[in-house]
2 protein chains.
Amino acid sequence: MSDVKTQKVSNNEHLPESAASLLLENQVCFPLYSASNAVIRAYRPYLEKLDLTYLQYLVLMVLWEQRQLNVKSLGERLNLNSGTLTPLLKRLETKRLVERSRSKSDERARIIKITEEGLALQSRAQGIPEKLICKVGLESAELKKLADLCRHILSTIDG
Amino acid sequence: MSDVKTQKVSNNEHLPESAASLLLENQVCFPLYSASNAVIRAYRPYLEKLDLTYLQYLVLMVLWEQRQLNVKSLGERLNLNSGTLTPLLKRLETKRLVERSRSKSDERARIIKITEEGLALQSRAQGIPEKLICKVGLESAELKKLADLCRHILSTIDG
DNA sequence: AGCAATTAGGTTGTGCGCAATCTAAAATAA
DNA sequence: TTATTTTAGATTGCGCACAACCTAATTGCT
């Protein structure tokens, strides 16, 4: 495969000055994207023992805190819209982890309520966060810094 | 909707001590995941002018640097596997931005080569990185810190 | 040479993410 | 009250991500 691998240019002086910003190494958001993918992959072996995906786990985490809420509130909490949440919640309903009813005071609103079975998963998930922190391999202060930077991005972009 | 919104528990003292780690606010990886989604959303308006998705843009960025390479090298560069890359590269081929040939020295290897049309997109993409940095709203030093933390995660998890 | 093991990449199936669009209910205006 | 606008959520369609699996080519072993 040497005929394929040896094509990389050794420097970029032939490119216009501004093209340096289009080099992958200089991208800020690419590591963010890759790290997010990698973390979700790292969760998988633990979550599949609970027959959950990462997003399903996030939804349950909200519901462990707050027994029930509507789709809009859930979407605001997770920064996701109904196109993502509706099919996901149907899958959680099929697994009998949540119930999807309608609000009596507002027939548009869908009330998502965790079931006993859904609540029971919480204890089985106890060890997961710590295991992930180990896998990620950052100190507590660095983890906090990372989370703060990400939250800053979120408030700037969305808010 | 007050019947839905007022269900949040005011504190978590009724939960076992260890359950605090299962609160969404205390998750480290959730902001990472949300920020990554938000950044990709933020790219969209600029990239759709070039008829590109974020991942297609990343692939082209590699190819602007290195005219051609095989799928394996591309996957190592982007931390993605053939299940993601193969269909993506076919779409780029349909748009005539890349060509997919076979290596003569190894018939298994697929050589991905950027076309003139693909190269021409580079100049149209010049302004994008700067616009995104503005949208993200972090200082240069903070961006570097974020990228370094993400790269640290990647090297720990994958490597 | 002959055969097992490895490697490259393609295929399949599931589950996101999300923009755009739709429907129906609720809020607001006239 | 009726008409307009807004809102909640569902639907559609596309493009990822990825594990699991498959095929074919190459390498390694004896």
Side-chain angles (χ1 to χ4, degrees), chain A residues 1-5 33-45 47-48 51-59 69-76 78-95 100-112 157-158, chain B residues 1-5 33-45 47-48 51-59 69-76 78-95 100-112 157-158:
Chain A
M1 69 173 58
S2 57
D3 59 331
V4 175
K5 284 217 165 179
Y33 159 83
S34 281
S36 174
N37 285 344
V39 165
I40 292 173
R41 271 199 305 274
Y43 266 102
R44 194 180 302 261
L47 290 177
E48 71 188 8
D51 188 29
L52 292 177
T53 65
Y54 180 64
L55 181 52
Q56 289 166 11
Y57 170 67
L58 290 181
V59 168
L69 78 177
N70 58 37
V71 175
K72 178 179 165 59
S73 306
L74 190 57
E76 286 167 356
L78 298 174
N79 308 304
L80 294 168
N81 65 29
S82 68
T84 301
L85 288 175
T86 296
L88 174 108
L89 292 168
K90 286 181 178 175
R91 284 189 286 271
L92 285 178
E93 185 181 43
T94 301
K95 295 191 206 176
R100 300 165 63 245
S101 59
R102 290 285 183 184
S103 166
K104 275 160 196 156
S105 60
D106 183 346
E107 286 287 336
R108 294 170 303 178
R110 186 69 91 163
I111 299 176
I112 309 302
I157 288 186
D158 291 343
Chain B
M1 68 173 59
S2 57
D3 58 333
V4 174
K5 284 219 165 179
Y33 159 82
S34 281
S36 174
N37 285 343
V39 165
I40 292 173
R41 270 199 306 274
Y43 266 103
R44 192 180 303 261
L47 290 177
E48 70 188 7
D51 188 30
L52 292 176
T53 66
Y54 181 63
L55 181 52
Q56 288 166 11
Y57 170 68
L58 290 181
V59 168
L69 78 178
N70 58 38
V71 174
K72 178 179 165 58
S73 306
L74 190 57
E76 285 167 357
L78 297 175
N79 308 302
L80 294 167
N81 65 28
S82 68
T84 301
L85 288 176
T86 297
L88 175 107
L89 292 168
K90 285 181 177 175
R91 284 188 286 271
L92 285 179
E93 186 182 42
T94 302
K95 295 191 208 179
R100 299 166 64 244
S101 58
R102 290 285 182 184
S103 165
K104 275 158 195 157
S105 60
D106 184 346
E107 286 288 337
R108 293 170 305 178
R110 187 67 93 162
I111 298 177
I112 309 302
I157 288 186
D158 291 343

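Proteins come first, then strands; the chains are lettered A, B, ... in the order of their sequence lines, and each starts at number 1. Worth knowing before you read on, the calculation uses all heavy atoms, side chains too, and leaves out hydrogens, waters and symmetry mates.
Distances shorter than 4.0 Å separate none of the side-chain N or O atoms of B/R108 from OP1 or OP2 on D/dT27. In this structure, B/R41 reaches the C/dC18 phosphate: one of its side-chain N or O atoms is under 4.0 Å from OP1 or OP2. Side-chain N/O atoms of B/T86 include one lying less than 4.0 angstrom from OP1 or OP2 on C/dG10. Close to C/dG10, at under 4.0 Å from its OP1 or OP2, lies a side-chain N or O of B/R100. The shortest distance between the side-chain N/O atoms of B/K90 and the OP1/OP2 oxygens of D/dG15 is not below 4.0 Å. OP1 or OP2 of D/dC16 lies within a sub-4.0 Å distance of a side-chain N or O belonging to B/T53. OP1 and OP2 of D/dT11 both lie 4.0 Å or more from every side-chain N or O belonging to A/S82. OP1 or OP2 of C/dG17 has not a single side-chain nitrogen or oxygen of B/Y54 nearer than 4.0 Å.
Nearer the 5' end of DNA chain D, as judged by each residue's closest nucleotide, is the contact made by B/L55, out of B/L55 and A/E48. Comparing B/A38 and B/G83 by the nucleotide of DNA chain C that holds the closest heavy atom to each, the one mapping nearer the 5' end is B/G83.
Looking at heavy-atom distances under 4.0 Å, B/L85 makes no contact with the nucleic acid at all. A/N81 comes within 4.0 angstrom of a base, heavy atoms only.
Side-chain atoms of A/Y33 lie closest to D/dA17 of the nucleotides C/dG9, C/dC18, D/dA17. Minimum atom distance to the side chain of A/A109 is reached by D/dA8, of the listed C/dG17, D/dC16, D/dA8. Side-chain proximity of B/E107 to the nucleotides D/dT26, C/dC16, D/dG15 is greatest for D/dT26. Of the listed nucleotides (C/dA25, D/dC18, D/dC16), D/dC18 has the atom at the smallest distance from the side chain of B/L80. The A/R44 side chain lies nearest to D/dA19 when the options are D/dA19, D/dA17, C/dG17. Closest to the side chain of A/R110, out of C/dG9, D/dG9, D/dA17, is D/dG9.
In this structure, A/N37 atom CG and C/dC16 atom C1' are separated by 12 Å, rounded to whole Å. The interatomic distance linking B/L47 (CG) with D/dC14 (C1') rounds to 16 Å, in whole Å. For the pair B/Y43 OH and C/dC18 P, the computed distance is 16 Å after rounding to whole Å. Atoms CG (B/N79) and C1' (D/dA17) sit 12 Å apart, rounded to a whole Å. A/R91 places its CZ atom 11 Å from the C1' atom of C/dG17, with the value rounded to the nearest Å. D/dT23 atom C1' lies 11 Å from atom CZ of B/R102, rounded to whole Å. One can place CG of A/L74 at 10 Å from P of D/dG9, the figure rounded to the nearest angstrom. If you measure from atom CG of B/L88 to atom P of D/dC14, you get 16 Å, rounded to the nearest angstrom.
Residue A/N79 comes nearest to B/R41 through the heavy atom pair O-NH1, 3.9 Å, listed as atom of the first residue, atom of the second, then distance. Residues A/L89 and A/R100 share a closest heavy-atom pair of O-CD, 3.7 Å.
A donor-acceptor contact closer than 3.5 angstrom is absent between the side chains of A/N37 and A/S34.
Aromatic ring pairs are classed by plane angle as parallel below 30°, tilted from 30° to 60° and perpendicular above 60°; the pair B/Y33 and A/Y54 is perpendicular.
Between the OG1 atom in A/T53 and the CZ atom in A/R44 there is a gap of 8.5 Å [rounded to 0.5 Å].
A side-chain donor-acceptor contact under 3.5 Å links A/R102 to the backbone of A/R108.
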